[in-house]
Each structure stands twice: as structure tokens, then as C-alpha cells.
Amino acid sequence: MTPTCADSLVVLDFETTGLSPDMGDRAIEIGAVRLEKGRVVERFQALMNPGKRVSSFIENYTGITNRMLSHAAPCDEVMEQFADFMGDHNLVAHNASFDKRFLDAELGRIYKSYHGDFACSLLVARRLYQDAPSHKLGALITYKNIPSGGGFHRALFDSEMTAKLWMTMLDDISQIITAQDVPFRLIQTLSKTPKRGVNTLLLAE
DNA sequence: TGCCAGGCCCTCTTTAGGGCCTT
């Protein structure tokens, strides 16, 4: 049986025009999957027109071109739809501080917010897989021998891969704490625990 | 044309600096 975490959560990923919404960067694609009892039960993917041209670097990095975005719905419209998809579920992202900044910024533009908790797969992975050569999403997928097919830097693909990594980490944690269910609050505590205290925390569960 | 940020975490640290990670 697949280990579970707090019944249902949403794993999301943004592609953006750059690194900082405070510097005027906008989201150009949102991808997300909803996990329920360890299975993907719903998917969301949409390009969104940021109202500005994206750089050639971003076109090359993501494969999302200005031509593609010219046919896309505006950010506000897409984020309205995504807010309905997301609801009040707990959220997961790889390097969540990045996605949280864009989520807050784009939701703020349509006067919305969310009420779930955010967890970061990068912070959890740094503690669980301290010997991994890198904690980039693609490197962790390779490190854990998770089949991918290789299509990184598109939002839905990256959110699917993050979800697979998340389930793998839950599996590994459940082996350590010998429990079928891994509480979301345990994951959040784990992601804030100093690395050398991780074993103590898990063995105490 | 080229650049921009911010949170986390380690160490040659804590009155700081720099690498990792995200696009």
C-alpha cells in the first residue's frame, strides 16, 4: 500500500519570466497535480499571457515561446481557475519559497489568497538524501531512479516529477518511522530540523 | 544588452560570506 500524507494535497510548479515578482517578473505557466491517498487524481496545466515578452533565455529554458503565449489566456483568468483547483489543500513545491512568491503575487493581483500550508520538497530532500550529489529536481529524480522520460522545465511535467519524488520520500520516511501514514506536520517539522537532528526526529516518531 | 531575488544552510560563522536552488 502506498504511504499517504494528510489525505489530499496539491503539488505545483510555475514557469515564469524570471526569478523575482518584486522585479516585475510574471508567471507564464502553472502546472499542478492533486494527490489523494498517494495517487494523482487531478491535473491542472495552463499557459498564461503575462502581457510582456519573455526573454530568449526563458524561451530556450522552458520551450515556451512568445508566439505560444500570444495565444494564451491572461494570468488573471488562469489564476482564477487555478484558485478553484487549489482550494484550501496543503501545497508542495520544489524550492517552495520560489513558487510561493509567485503564487502570492499572482493571487494578490486578483485579490485572492490561499489557506493551506506550504511544504518544500527541496528542504525535505536535503535532509533525507544528504549524500545526493545535487538536490536539483532532475538530479534527485535520477538519484532515486524514478522514471521520468526527460521533459523538465515545463510546469505540469515538473509538478508530476515533484509529486513522484514526494511519494518516494514519504515511502522512505514511512520505512524509518514504521507507519503507513506520514503526517503533513511531520514533514514540515522535518524540513525545519537541522540536518544532524533528522534521525533523532524520525526515530522519535 | 545584460542584469535583477530571496530563503536555506554551511563554515574559514554568529557584528559574515558565499553556494545552492528556483525561472
Side-chain angles (χ1 to χ4, degrees), chain A residues 10-33 44-69 72 75 78-79 82 86 91-109 114 117-144 146 148 150-166 168-169 187-201:
Chain A
V10 168
V11 184
L12 64 91
D13 182 68
F14 277 106
E15 303 304 321
T16 69
T17 64
L19 295 173
S20 174
D22 290 340
M23 299 292 290
D25 288 318
R26 300 292 306 273
I28 58 173
E29 186 181 42
I30 174 77
V33 298
F44 185 99
Q45 184 277 327
L47 290 172
M48 51 185 122
N49 189 334
K52 60 188 277 190
R53 290 185 63 80
V54 302
S55 67
S56 57
F57 171 80
I58 294 297
E59 285 190 316
N60 291 329
Y61 187 80
T62 63
I64 300 169
T65 64
N66 283 292
R67 183 180 177 84
M68 292 162 67
L69 293 174
C75 295
V78 171
M79 291 307 298
F82 183 68
M86 176 175 62
L91 305 174
V92 171
H94 199 68
N95 198 6
S97 67
F98 174 85
D99 291 281
K100 184 177 186 301
R101 283 200 302 277
F102 278 93
L103 181 65
D104 289 341
E106 295 295 346
L107 287 178
R109 288 173 174 268
Y114 61 96
D117 288 323
F118 228 127
C120 177
S121 56
L122 169 65
L123 296 183
V124 178
R126 277 179 176 165
R127 286 156 176 80
L128 279 187
Y129 310 133
Q130 298 185 21
D131 293 334
S134 161
H135 296 90
K136 292 180 181 178
L137 178 59
L140 287 166
I141 294 298
T142 301
Y143 179 72
K144 294 303 294 181
I146 298 170
S148 72
F152 290 99
H153 306 310
R154 286 301 297 267
L156 181 59
F157 184 90
D158 283 2
S159 64
E160 298 245 24
M161 288 301 106
T162 302
K164 287 185 178 180
L165 173 64
W166 184 257
T168 300
M169 293 194 295
I187 302 276
Q188 288 195 304
T189 303
L190 178 67
S191 70
K192 296 171 186 171
T193 301
K195 283 184 179 177
R196 54 178 81 90
V198 166
N199 285 339
T200 303
L201 170 73

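Since the structure is predicted, the reported quantities are computational estimates derived from the model, not experimental observations. Below, chains carry the letters A, B, ... as their sequence lines are ordered, and counting in each starts from 1.
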Please name the pair of heavy atoms, one in A:Leu140 and one in A:Ala125, separated by the smallest distance, quoted to 0.1 Å.
-> CD1-CB, 3.6 Å
Pick base, sugar-phosphate or nothing for A:Asp25, based on heavy-atom distances below 4.0 Å to the nucleic acid.
-> nothing
Can you name the residues that form a ring-ring contact (aromatic ring centres under 6.0 Å, His included) with A:His135, not counting sequence neighbours?
-> none
Atom pair distance, as rounded to whole Å: NZ in A:Lys100 and P in B:dC21 = 22 Å
Which atom pair, heavy atoms only, marks the closest approach of A:Ala93 to A:Thr162?
-> C-CG2, 4.3 Å
Separation of atom CD in A:Glu59 from atom P in B:dT23, rounded to whole Å = 17 Å
Integer-rounded Å distance: B:dG7 C1' and A:Leu19 CG = 13 Å
With DNA chain B as reference, determine whether A:Ser20 or A:Glu15 sits nearer its 5' end, using the nearest nucleotide of each.
-> A:Ser20
Atom of A:Cys75, atom of A:Pro50 and distance for their closest heavy-atom approach | SG-CA, 3.7 Å
Whole-angstrom distance between B:dG19 and B:dC12, as gauged at atom P | 14 Å
Separation between the P atoms of B:dG6 and B:dG2, rounded to whole Å | 24 Å
Step-by-step side-chain contact (heavy atoms from CB on, under 4.5 Å) determination, A:Lys144 to A:Met169 | CA-CA 9 Å; A:Lys144 294 303 294 181; A:Met169 293 194 295; over 6 Å; no
From CG of A:Leu123 across to P of B:dC21 the rounded distance in Å is 12 Å
Expressed in angstrom and rounded to an integer, what is the separation of A:Met48 atom CE from B:dT23 atom P?
-> 14 Å
Got a sec? Which of residues 131-144 of chain A come in under 4.0 Å of DNA chain B, heavy atoms?
-> A:Ser134, A:His135, A:Lys136, A:Leu137
Where along residues 60-68 of chain A does a heavy atom come under 4.0 Å from DNA chain B, residue by residue in number order?
-> A:Tyr61, A:Thr62
Separation of B:dC3 atom P from A:Ile58 atom CD1, nearest Å, is 14 Å
Ignoring the backbone of A:His153, work out which of B:dT23, B:dC21, B:dC4 is nearest its side chain.
-> B:dT23
Can you sort out the partners of A:Phe44 under ring-ring contact (aromatic ring centres under 6.0 Å, His included), two or more places apart, ordered by chain and number?
-> A:Phe82, A:Phe85
Using a 4.5 Å cut-off on heavy atoms from C-beta on, say whether the side chain of A:Ile146 contacts that of A:Thr168.
-> yes
Checking all strands, does A:Phe102 fall into the base, sugar-phosphate, or nothing category for heavy-atom contacts under 4.0 angstrom?
-> nothing
Contact class for A:Ser55 vs. all strands (heavy atom < 4.0 Å): base, sugar-phosphate, or nothing?
-> nothing
Atom OH of A:Tyr129 and atom C1' of B:dC20: how far apart are they, to the nearest Å?
-> 19 Å
Nearest-nucleotide 5' precedence on DNA chain B, A:Asp158 against A:Lys192 = A:Lys192
Whole Å only: how far is the CZ atom of A:Arg26 from the C1' atom of B:dC4?
-> 17 Å
Evaluate the ring planes of A:Phe102 and A:Phe14, with Trp represented by its six-membered ring, and classify them as parallel (under 30°), tilted (30 to 60°) or perpendicular (over 60°).
-> tilted
Write down the distance separating the C1' atoms in B:dT1 and B:dG17, rounded off to the nearest Å.
-> 29 Å
Residues forming a side chain to side chain donor-acceptor pair (under 3.5 Å) with A:Asp104, sequence neighbours excluded = A:Lys100
In short, salt bridge (Lys or Arg N to Asp or Glu O under 4.0 Å) pairs touching residues 155-165 of chain A with sequence neighbours left out are A:Arg43-A:Glu160
B:dC8 and B:dC3, which share atom name P, separated by this distance in whole Å = 27 Å
